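Notes to accompany the following structure.
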Amino acid sequence: MNRKEVSRMRINGTNQTNWNPYQKQAQQQKQVQAQPNQDRLEISDAAKSMQEAGKLPEARKERLEELKLQVENGTYKADPSVIARKMINFFSEGD
């Protein structure tokens, strides 16, 4: 065999799948570029219910603002018997 035949066999051999080793990578890159990213944000039902639970009714907001003003002005007077009764009720319900 002379030198021309040997080089010819390498180029035109039966195993031409490895001729361009980057061909598969290039094809994958084209597929990724063809498919645009579609980012989505989904809020679960549990998170939605937590958001709704965090909202105060209007009457409750007004009462809180009234109490805040009383505390800031120094005019808020707590009734110890009411506080004690509510504490007893709270801890007795936990049993």
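We're numbering straight along the sequence, starting at 1. Atoms considered below: every heavy atom in the structure, side chains included; atoms not considered: hydrogens, waters and symmetry mates. Everything numeric here is computed off the predicted structure, so don't read it as measured data.
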Is there a side-chain contact between Glu52 and Ser49 in this structure, where contact means two heavy atoms from C-beta onward sitting under 4.5 Å apart? no
What pairs with Glu66 under side chain to side chain donor-acceptor pair (under 3.5 Å), at least two apart in sequence or on another chain? Arg63
Hey, does Arg85 have a side-chain heavy atom less than 4.5 Å from the side chain of Val82? yes
Nearest-0.5 Å distance that lies between atom CG in Asp45 and atom NZ in Lys48: 5.5 Å
Other cluster members, Tyr76 - Ile/Leu/Val/Met/Phe/Trp/Tyr, side-chain contacts below 4.5 Å: Leu67, Val71
Can you tell me how far the CD atom of Glu65 sits from the CD atom of Gln70, to the nearest 0.5 Å? 12.0 Å
Just by distance, with hydrogens left out, do Asp79 and Ser81 show a side-chain donor and acceptor under 3.5 Å apart? yes
